Structures are given as structure tokens and as C-alpha cells.
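Heads up: the structure comes next, in C-alpha cells.
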Amino acid sequence: MAEFKKVKRSENYSAWYNNLVEQADLAQHSAVKGCMVIKPYGYAIWEKMQAELDRRFKETGHQNAYFPLFVPKSLFEAEEKNAEGFAKECAIVTHYRLKTDPDRPGKLMVDPEAKLEEELIVRPTSEAIIWNTYRDWIQSYRDLPILINQWANVVRWEMRTRLFLRTAEFLWQEGHTAHATKEEALAETKQMLEVYADFAENIMAVPVVKGVKTENERFAGADETFCIEGLMQDGKALQMGTSHFLGQNFAKAFDVKFVSKENVKDYVWATSWGVSTRLMGALIMSHSDDEGLVLPPKLAPIQVVIVPITGKKEDEKALVLDKAREYFTALKAKGILVKLDDRDNMSPGYKFADYELKGVPLRIAIGPRDVAAGNVELARRDTKTKEIISAENLPETISNLLEEIQNSIYNKALEYRNSHIHTVNNWDEFMDAIENKTGFVSAHWDGTGETEEKIKDLSKATIRCVPLNNLQEDGVCVLTGKPSTQRVLFAKAY
RNA sequence: CGGGGUGUAGCGUAGCCUGGUAUCGCGCCACAUUUGGGAUGUGGAGGUCGUAGGUUCGAAUCCUGCCACCCCGACCA
């Protein structure tokens with residue numbers, strides 16, 4: 001096991017992040033540009049996220065299905081705005097065969113004879129292939145709604161990538177629903193936004209702002225994009241999930257119509273919504289520290305680790321190990337994800353540091369002294385505190401503490417987020433907040449894309465969202481001084 | 001994709017300027033002693049020096065192309 005190379009969060013945030021991802025065994029760079037290998041420990045966390053999300057999707061009536069990786073170019077270009085939005089980051093399959101290279105023995109070349117009649121686009125998102133399919137599925141209002149989700153990989157050929165936050169290939173889920181009415185589709189869009197927000201806050205312990213994107217930031221092909229925005233520990237915002245109201249755009253592009261109860265033909269209303277492995281990045285950046293990862297108990301692959309500290313005497317050693325196994329069994333029976341690390345070639349100190357690096361929420365150390373006294377030493381990862389407690393009712397104690405840690409991590413992140421929302425009323429205050437205070441800046445904006453662009457050029461900050469249920473108040477735009485009816489949230493973002 | 005930097009064992013590095021087949025630490029394997037915050041000793045294994053060419057009797061070292069990563073921009077979930 002590698003020694004943790006210390007990189008301080010305060011000194012170089014992005015080096016700290018990269019180092020942490022690699023040292024904690026979450027992921028590593030691969031031989032493919034911009035693509036990562038997600039390692040077992042990292043994937044275990046992703047699987048827990050998937051399980052929680054999948055359960056919520058099913059509870060809200062969705063079913064999983066799977067659509068192809070490839071989208072024929074003619075389908076891809078059907079919805080023009082969507083196609084245009086993604087065009088410059090697409091991987092394209094043009095051939096279907098290799099052959100041996102006559103000039104370079106043992107090497108392969110693309111067989112020019114094997115050119116595809118029509119290029120295939122590796123999906124950057126699946127609206128096109130899915131809506132082309134939905135046309136076959138929908139005839140009457142009785143076929144609606146269609147509530148489908150798929151777990152998939154997509155490819156967006158990014159110029160600059162970062163582990164989990166932006167990779168050329170990433171894993172995600174994309175929900176694609178079809179509805180008979182605009183109201184129903186809008187309700188679905190908002191429902192899924194709530195599902196995401198609930199997941200982010202209660203499972204990931206990351207507070208989020210729910211809001212609406214401006215036209216500039218909207219998903220290509222959507223009439224309205226809702227989002228959840230998180231704030232990372234370096235004061236930059238991260239878009240953690242989006243839910244799009246697609247109107248009838250895709251129905252029109254793919255000619256998907258239905259006959260209503262009144263025997264009237266109309267285009268179908270659509271939504272799509274997704275979250276990706278980027279959430280792993282959000283999780284890491286929201287809670288972790290210089291010692292390594294800090295995981296909320298609800299996503300920790302290991303919630304409690306038991307480290308036996310065996311003495312030199314054989315009989316003592318046996319006693320300690322027996323006790324450790326007893327606690328292990330009791331905790332496991334309670335449904336707690338517990339690991340007993342009885343490797344005898346590692347010192348306790350090494351194990352302590354290693355589980356801290358991996359973000360295991362609780363650590364139980366047990367040695368001869370504790371066995372004799374009926375105690376254990378209990379250490380919390382999030383607060384780095386430890387105490388000797390009685391081992392009586394241990395499963396109960398641990399179970400309660402895990403819950404407390406989950407809340408405590410959330411509250412800490414919430415406090416950080418709330419203390420980093422700065423309300424400003426003029427341009428000097430705006431720039432000062434963006435440059436020096438970091439975080440979200442709540443400011444009046446005149447509502448034009450032009451001003452939004454200008455502010456982005458001047459400050460590198462973008463409008464993250466117009467918060468839902470936003471307070472309506474008269475004010476003037478921080479840049480142009482034109483009238484405004486509400487504040488929006490600006491931030492530098494990932 | 002533009003500017004700057006880096007690439008030597010699983011990880012971190014020395015050597016490069018001034019060419020002669022590579023240094024040290026951690027980790028790994030064996031044995032022994034250890035175990036309450038990253039153990040110690042002894043012995044051992046591990047290297048196409050990112051990659052492809054070029055210069056040279058000889059290249060980690062000099063030259064060129066390419067690749068990957070990091071930092072700063074532009075683009076984005």
C-alpha cells in the first residue's frame with residue numbers, strides 16, 4: 001500500500017483533489033486520453049449512489065431500459081439545437097474493420113474498404129435514439145406516460161479533463177419520459193429535481209441550491225433546465241444534476257404524436273434528467289480534508305473498521321481477537337457495514353492512517369486494556385476525535401453515531417455553503433465577492449444574455465441558477481443598472 | 001486547442017548542464033523480533049530511463065516528432 005503523499009488542501013486545491021482520488025484508491029488515469037479507470041473502492045461508492053438513486057427512480061414509477069451506444073448521424077442531427085450543442089464534442093465511428101498493415105508487419109490499419117455508409121455518433125446523450133424509438137411505442141394517450149431511465153456511459157470529447165469531474169467517457173443515468181400534457185411533463189421535471197436534491201442532501205450530505213438555468217446555460221434542445229448546484233470547499237460551484245423540460249422539441253423532430261381522449265392528434269411532451277459520476281467529485285470535494293477522504297456513512301462502503309491491537313502475549317492476543325470478532329459479528333447483525341482488519345503485518349498506526357485516508361466514518365480500536373475493562377476506543381473520521389467508551393450496547397451506539405455523523409457532515413457543509421452566499425448590490429461589491437470571498441454571489445441582473453456574457457468575461461463567474469421560489473424584489477442590475485425583479489446566483493464553477 | 005512545466009522500479013526521487021547501461025527512500029518477497037498513531041533487523045527480487053526516430057564507437061543524458069499528466073486560459077455535466 002502506498003504511503004499517503006501529503007498535499008495540503010489549502011495550498012493547492014486541485015493537486016490535493018487529484019492526489020486524494022489516487023491515494024484513496026478511487027480512480028486513476030488510464031491509457032486513454034481523458035478517460036479514467038474507476039477502482040474497486042471508488043466504484044463501490046458509485047454503486048451505493050446508484051442503488052439509492054435507482055430506488056428513488058422506481059419509487060417514482062420509472063423503469064430501467066437500455067438503448068444503443070451509437071446514434072446514426074441522421075437521427076442525431078434531427079433535433080437541431082441539441083445536435084448543434086453537442087456537435088463539437090462528439091466521437092464518430094466511420095469504419096467497422098481493421099486489417100493488417102502491409103507496410104508495418106504486425107500492425108493494424110483502418111480498412112478503407114470498410115467505411116460505413118452512414119457515420120455513427122457515440123452518444124453524448126441519448127434523446128435522439130430514444131425519441132426515435134418512442135415514435136414506435138406511442139399512438140394513443142393510453143400509451144402515456146412513458147417513464148424510463150437508463151444507466152449508461154456517454155462520451156463527450158472534452159478538451160480538458162479531470163478525474164470524476166470531467167472525463168471524456170463518464171457513467172451516468174439518464175431519464176427520458178414522455179407525457180400527454182405540458183403540465184404533466186413539467187411536474188415530472190420538477191419531481192426529478194426534488195429526487196436529486198433529496199439524494200444530494202440526505203445521502204451525499206451535500207447541500208444544494210435548486211434553481212433554473214438561464215437561457216445561455218440551458219441544455220441544448222430544452223425549453224427549461226432545472227438544476228441542483230453545490231458549493232465545493234474551494235468556493236467554486238458545481239452543477240450536480242439537471243432535469244430538463246424538453247417541451248415538444250424532440251417529439252416534433254422525431255414526429256412522435258399521440259391521439260388524445262378527444263381524438264385530437266398532438267405532439268408528445270418530454271423530459272430528460274441525469275446525474276453522473278461527477279457526483280463522486282462533488283462528494284470528495286465537499287467533505288474531505290488533509291488526512292484524506294471523509295465519507296458520509298450512507299455512502300461509505302465500510303462504515304466501521306475494527307482494528308485489534310494485540311499484545312505480545314499469545315493468550316492476550318487470542319482474547320483481543322476473540323473480542324474483536326464478537327463485536328464484528330454483533331455489528332454485522334445490526335446491518336452495519338463493518339470490517340475487521342486483523343492483518344498482523346501492519347502496525348495499528350498504519351491502519352489508522354490508511355482508514356482515515358479512505359474516509360471510513362468510524363474506527364474501533366481494541367486492545368488488552370479495553371478487553372479487560374469492557375471498553376473500546378472509538379474514533380470519528382469527520383471530527384478526528386476519539387474516546388474510550390463502554391462496549392455495552394455497541395451496535396446501538398455505533399448505529400446512532402453513524403446517523404449523527406451523517407447529519408454532522410451535512411451541517412458542516414451547509415454552514416460552509418450558507419456562509420459563502422454573498423449578497424451584493426453594485427459592481428465593486430460583486431467583483432470583491434467573486435475574487436476575494438469566493439462562493440455564491442447573490443446579485444440583481446437585468447435578465448439579458450448579453451449582460452450575462454459580459455459579466456462572465458469580466459469576472460469568470462457564470463449565473464449558476466435562478467433559485468426556485470426566489471424572493472421577488474425590485475433592484476438594479478449590478479453591471480448595467482437596469483431594473484431587475486429578483487436576484488440570481490453567480491459563481492465561478494467547475 | 002494556445003502559453004508554461006513535468007515524465008527515471010508499484011510510489012516518490014538523484015543522475016541530465018559537462019554522453020560510458022542508473023542513486024536513494026518507501027513499498028514488495030523470506031525469516032525473526034514487534035503491535036495503544038504511519039515498527040525494526042538481516043537477506044532478496046524488481047528498470048525497454050514516457051514513446052518513436054536521429055546524432056554518436058557508445059544516449060537516461062544531445063536533437064526532432066509524438067503521447068500522457070500538472071498549472072493558467074478558451075469549451076463543458
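So you know, we letter chains A, B, ... as the sequences are listed, proteins then strands, and number each from 1. All values reported here derive from a predicted model rather than from experimental measurement.
Here B:rG36 is the nucleotide among B:rG73, B:rG36, B:rU35 with the atom lying nearest to any side-chain atom of A:Ala365. The A:Lys460 side chain lies nearest to B:rG73 when the options are B:rC76, B:rG36, B:rG73.
Checking the phosphate oxygens (OP1, OP2) of B:rU35, no side-chain nitrogen or oxygen of A:Arg343 falls inside 4.0 Å. Note on A:Lys384: every side-chain N or O is 4.0 Å or more away from OP1 and OP2 of B:rG37.
For B:rG36, the base has a donor-acceptor partner in the side chain of A:Asp370 [N/O atoms by modelled type, under 3.5 angstrom]. Between the side chain of A:Glu356 and the base of B:rG37, a donor-acceptor pair under 3.5 Å is found. Between the side chain of A:Lys386 and the base of B:rG36, no donor-acceptor pair under 3.5 Å is found.
When heavy atoms are screened at a 4.0 angstrom cut-off, A:Gly85 is found touching no nucleic acid atom at all. No engagement by A:Thr225 is indicated, since no non-hydrogen atom pair under 4.0 Å with the nucleic acid exists. Heavy atoms of A:Lys351 sit nowhere under 4.0 angstrom from any nucleic acid atom. No contact: A:Pro308 has no heavy atom under 4.0 Å from any strand. Contact annotation for A:Phe170: base contact, defined as any heavy-atom pair under 4.0 Å involving a base atom. Counting non-hydrogen atoms under 4.0 angstrom, A:Leu165 reaches a base of the nucleic acid. A:Glu158 comes within contact range of at least one nucleobase, with a heavy-atom separation under 4.0 Å.
Sequence order on RNA chain B of the closest nucleotides to A:Ala353 and A:Thr242 puts A:Ala353 first from the 5' end. Residue-to-nucleotide proximity on RNA chain B shows that, of A:Ser347 and A:Asp344, the 5′-proximal contact is made by A:Asp344.
Within the shown strands, B:rG20 is the pairing partner of B:rC57 under the Watson-Crick or G-U definition, both distances less than 3.5 Å. Pair assignment for B:rA68: B:rU6, on the basis of Watson-Crick or G-U wobble contacts that are both within less than 3.5 Å.
Between the C1' atom of B:rG10 and the CD atom of A:Glu22 lies a distance of 13 Å, rounded to the nearest Å. Taking atom CG on A:Asp342 and atom C1' on B:rG36, their separation rounds to 17 Å, with Å as the unit. The CD-P distance, from A:Glu89 to B:rC76, rounds to 8 Å in whole Å.
Under the 90° criterion around 0 for the glycosidic angle, B:rU13 counts as anti.
Geometrically, A:Arg381 does not engage A:Tyr355 in a cation-pi contact, judged by NZ or CZ lying under 6.0 Å from the ring centre and within 45° of the ring axis.
The closest donor-acceptor contact from the side chain of A:Tyr494 to the backbone of A:Ala282 lies at 3.5 Å or more, if one exists at all.
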Show your working on salt bridge (Lys or Arg N to Asp or Glu O under 4.0 Å) between A:Lys210 and A:Glu194 and close with a plain yes or no.
CA-CA 8 Å; A:Lys210 292 175 281 190; A:Glu194 292 299 330; 3.0 Å; yes
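Other residues, nucleotides and ligands place no more than 12 heavy atoms under 6.0 Å from the CD atom of A:Glu84.
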